[in-house]
2 protein chains.
Amino acid sequence: MSYTAETAAQGVQNVVRALEGRWKLVILFQLFGGQVRRFSDLERAIPGVSQKMLIQQLRQLEGDGVVARVVHHQVPPKVEYHLTEWGQSLCPALDALLIWAESAPPELRSRLVEVMRSHEPDA
Amino acid sequence: MSYTAETAAQGVQNVVRALEGRWKLVILFQLFGGQVRRFSDLERAIPGVSQKMLIQQLRQLEGDGVVARVVHHQVPPKVEYHLTEWGQSLCPALDALLIWAESAPPELRSRLVEVMRSHEPDA
DNA sequence: CGGAATCCAAATTGATACTG
DNA sequence: CAGTATCAATTTGGATTCCG
């Protein structure tokens with residue numbers, strides 16, 4: 001079977017689904033480039049997210065092999081997250097997305113931002 | 001304010017949300033590289049999608065300026081979709097995603113595929 | 001601190017039927 | 001062909017409470 005754009009799109013879809021979710025990309029951007037963040041860091045760095053959602057999305061990313069979770073058995077508990085090797089290989093794509101996002105037409109950009117502000121506290 | 005990774009991640013999030021949605025990326029991969037597809041083409045090319053979802057996602061992509069919709073006033077009706085200029089500029093990112101997806105570890109890949117097969121007809 | 005569990009509200013999605 | 005409309009089902013998200 002030849003490797004047409006169509007079969008590629010169908011195949012890639014399965015994997016790309018690992019990125020689907022309201023907070024997945026935001027989390028990944030936080031872990032971008034190999035950064036290590038603990039749970040509370042992520043919670044603080046991502047304004048609109050709830051504890052439940054953050055955990056849920058992290059668990060899914062972990063289950064999909066994109067993010068790794070390290071538990072330090074101490075009191076108080078300390079759990080750190082970072083990209084797996086495969087997750088690291090996603091960085092070029094994240095970077096490309098970053099570039100694309102910044103190239104967004106100003107009107108569009110502000111319109112999209114406006115949607116975001118719905119759930120933000122004040123400013 | 002300096003342009004840290006954090007602010008970038010926060011800012012980019014607003015724009016990247018335009019890609020969120022169960023079928024958005026799949027659609028974009030279909031339109032990859034400037035391809036023009038009519039509605040029924042997309043419907044056929046994307047197995048699990050319902051007519052309603054396809055339209056909805058297309059409309060959102062259109063509203064976000066990523067996809068353009070061209071109506072040919074004929075009988076029978078003919079509507080074609082393609083990437084806008086800004087949408088085209090997303091291609092490098094899509095390409096990076098493609099590369100990433102193909103680099104997925106085999107076990108992971110088959111596990112993700114397995115999820116997909118739930119709604120596929122046969123093979 | 002980091003998380004699990006529960007309950008409930010809201011948004012998404014799907015199936016179906018109808019239309020220009 | 002390319003939609004729209006409607007309703008039911010599923011998923012998602014948030015608030016709260018409890019635990020190691």
Side-chain angles (χ1 to χ4, degrees), chain A residues 13 16-27 30-31 35-64 67-82 112 114-122, chain B residues 13 16-27 30-31 35-64 67-82 112 115-121:
Chain A
Q13 161 177 193
V16 169
R17 295 197 60 180
L19 305 180
E20 284 182 355
R22 178 72 180 76
W23 306 100
K24 296 261 181 78
L25 283 177
V26 196
I27 293 172
Q30 290 292 324
L31 269 26
Q35 299 178 66
V36 177
R37 300 289 189 99
R38 49 190 297 186
F39 186 81
S40 49
D41 288 338
L42 292 172
E43 205 170 2
R44 237 173 307 103
I46 307 175
V49 77
S50 68
Q51 191 187 41
K52 175 186 170 183
M53 287 313 302
L54 186 53
I55 290 184
Q56 178 186 297
Q57 305 273 293
L58 280 169
R59 287 290 143 83
Q60 289 177 11
L61 287 170
E62 191 191 351
D64 288 334
V67 162
R69 174 171 174 264
V70 179
V71 182
H72 300 270
H73 294 286
Q74 325 170 336
V75 264
K78 179 176 172 183
V79 180
E80 292 180 322
Y81 295 88
H82 62 91
L112 289 170
E114 164 182 317
V115 177
M116 279 300 295
R117 289 203 291 211
S118 318
H119 69 251
E120 280 185 45
D122 189 14
Chain B
Q13 160 177 195
V16 170
R17 293 196 61 181
L19 305 181
E20 285 182 356
R22 178 72 180 78
W23 306 100
K24 298 261 180 81
L25 283 177
V26 196
I27 293 172
Q30 290 293 323
L31 268 27
Q35 299 176 67
V36 177
R37 300 288 190 100
R38 47 191 301 185
F39 186 82
S40 49
D41 289 337
L42 291 173
E43 205 171 2
R44 235 171 309 104
I46 307 175
V49 76
S50 68
Q51 193 183 40
K52 175 188 169 185
M53 287 312 303
L54 185 53
I55 289 184
Q56 178 187 296
Q57 305 272 294
L58 281 169
R59 286 288 143 85
Q60 290 178 10
L61 286 170
E62 191 191 351
D64 288 333
V67 161
R69 174 170 173 265
V70 178
V71 183
H72 300 271
H73 294 286
Q74 326 171 335
V75 265
K78 179 176 174 183
V79 180
E80 291 180 322
Y81 295 88
H82 61 92
L112 290 170
V115 176
M116 278 300 296
R117 288 204 291 210
S118 319
H119 68 247
E120 278 186 46

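As a basis for the values below, the full set of heavy atoms in this structure was taken, side chains included, without hydrogen atoms, waters or symmetry mates. Proteins get letters first, then strands, A, B, ... in listed order; numbering begins at 1 in each.
- The nearest heavy atom of DNA chain D to Gln57(A) and to Pro76(B) marks one nucleotide each, and the one closer to the 5' end goes with Pro76(B).
- We find that CD1 of Ile46(A) is positioned 14 Å from P of dG2(C), with the value rounded to whole Å.
- When distances are taken from the side chain of Arg69(B) to each of dG13(D), dT13(C), dA2(D), the shortest belongs to dA2(D).
- In terms of heavy atoms, Gln57(B) sits closest to Trp23(B) at OE1-N, 3.1 Å.
- Atom CH2 of Trp23(B) and atom C1' of dT12(C) are 13 Å apart (whole Å).
- Positionally, the nearest nucleotide of DNA chain C for Val79(A) lies more toward the 5' end than for the other of Val79(A) and Gln60(B).
- When all heavy atoms are compared, the tightest approach of Leu61(B) to Ala18(B) is CD2-O, 3.7 Å.
- At dC1(C), none of the side-chain N or O atoms of Arg38(A) fall inside 4.0 Å of OP1 or OP2 (strictly under the cut-off).
- Checking dG3(C), dA2(D), dG13(D) against every side-chain atom of Phe39(A), the shortest atom distance belongs to dG3(C).
- Looking at residues two or more places apart in sequence or on another chain, you find a side chain to side chain donor-acceptor pair (under 3.5 Å) between Gln60(B) and Lys24(B).
- When every heavy atom of Leu31(A) is checked against every heavy atom of His82(A), the shortest pair comes out as CG-CA, 4.0 Å.
- At dT12(C), none of the side-chain N or O atoms of Gln56(B) fall inside 4.0 Å of OP1 or OP2 (strictly under the cut-off).
- Atom CD1 of Ile55(A) is separated from atom P of dG3(C) by 5 Å (rounded to the nearest Å).
- Take Arg69(A) and apply the salt bridge (charged side-chain N to carboxylate O under 4.0 Å, His left out) test, not counting sequence neighbours, and it matches no residue.
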Legend entry - Footprint string (nucleotides 15-20 of chain C, 5' to 3'): B base within contact, S backbone only, - free, heavy atoms under 4.0 Å: B-B--B

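- In the set dC1(D), dG3(D), dG13(D), the nucleotide with an atom closest to the side chain of Arg59(B) is dG3(D).
- Within the structure, every side-chain polar atom (N or O) of Tyr81(B) is placed at least 4.0 Å from both OP1 and OP2 of dC1(D).
- Note that the CZ atom of Phe39(A) and the NZ atom of Lys78(A) stand 15.5 Å from one another [nearest 0.5 Å].
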